[in-house]
Each structure stands twice: as structure tokens, then as C-alpha cells.
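To start, the structure itself, in C-alpha cells.
Not measured: the values here are computed from a predicted model. Heads up: numbering here begins at 1 and tracks the sequence.
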Amino acid sequence: MLYFLITGHKPADARSRMEARSAELAAPKQYNVKVKKGWMKLIHQCVELEKKKRISSCRAVREELQRLLKHEKERS
């Protein structure tokens, strides 16, 4: 959902990425969207195909979102 909110495009699903042998999502710059590294890192952690590399819980996602938002607020 975060990828869609940022880019306006639905990411490829896990099955499609597995069949294509590419776990990578389309880069947001393909949609003329600039995304900071921290946000993309979180997106990649959420859609990671390997379970042990995937972010572990909703709580962990919430904490990372809060950290990223706090960082954004401090920079503005």
C-alpha cells in the first residue's frame, strides 16, 4: 500500500516477481517520483520475498514509519 501511495501505481505481486526472477519493484523514478532511501528501504523490507529478510511485524512497520516521519519533520 505504501508503494501505491507514493507512486500511484500498484507494485508487481510476489508471484509475478518470483516468476520474473526479479524481486525488484519498479523504481519510483519511472513514475517521475522521487523517494528518499529510507522510505524505499522500508517498502523493500515490507515486500521482501524471503521471509527472514521481511520486516517482522506491523509494530515494526509502525515504528519505522514514525522514525521516518520524525526525521522528515526535523529536516523541514
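A distance of 12.0 Å separates NZ in Lys70 from CG in Leu68, rounded to the nearest 0.5 Å. Atom CG of residue Leu25 and atom CD of residue Gln30 lie 10.5 Å apart, to the nearest 0.5 angstrom.
The salt bridge (charged side-chain N to carboxylate O under 4.0 Å, His left out) search around Arg54 returns none, not counting sequence neighbours. Checked against salt bridge (charged side-chain N to carboxylate O under 4.0 Å, His left out), Lys53 has the following partners two or more places apart in sequence or in another chain: Glu50. Under the rule for a side-chain contact (heavy atoms from CB on, under 4.5 Å), the partners of Ser56 that lie at least two apart in sequence or sit in another chain are Ala60.
Within the structure, every pair that satisfies the side chain to side chain donor-acceptor pair (under 3.5 Å) test and touches residues 31-43, not counting sequence neighbours, is listed here: Lys36-Glu72, Trp39-Glu72.
Note: the hydrophobic cluster containing Ile43 also contains Leu69 (ILVMFWY, side chain heavy atoms under 4.5 Å, direct or indirect links).
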Give the table of side-chain donor-acceptor pairs shorter than 3.5 Å for residues 2-15, with sequence neighbours excluded, one pair per line with atom names and distance.
from	atom 1	to	atom 2	distance (Å)
Tyr3	OH	Ala26	O	2.6
Thr7	OG1	Tyr3	O	2.8
Thr7	OG1	His9	N	3.0
Thr7	OG1	His9	O	3.1
Asp13	OD1	Arg15	N	3.2
Asp13	OD1	Ser16	N	2.7
Asp13	OD1	Ser16	OG	2.8

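When atom types are taken as modelled, the side chain of Arg17 and the backbone of Val47 share a donor-acceptor pair closer than 3.5 angstrom.
Sparse packing is recorded around CZ of Arg59, with 12 or fewer heavy atoms of other residues, nucleotides or ligands lying under 6.0 Å away.
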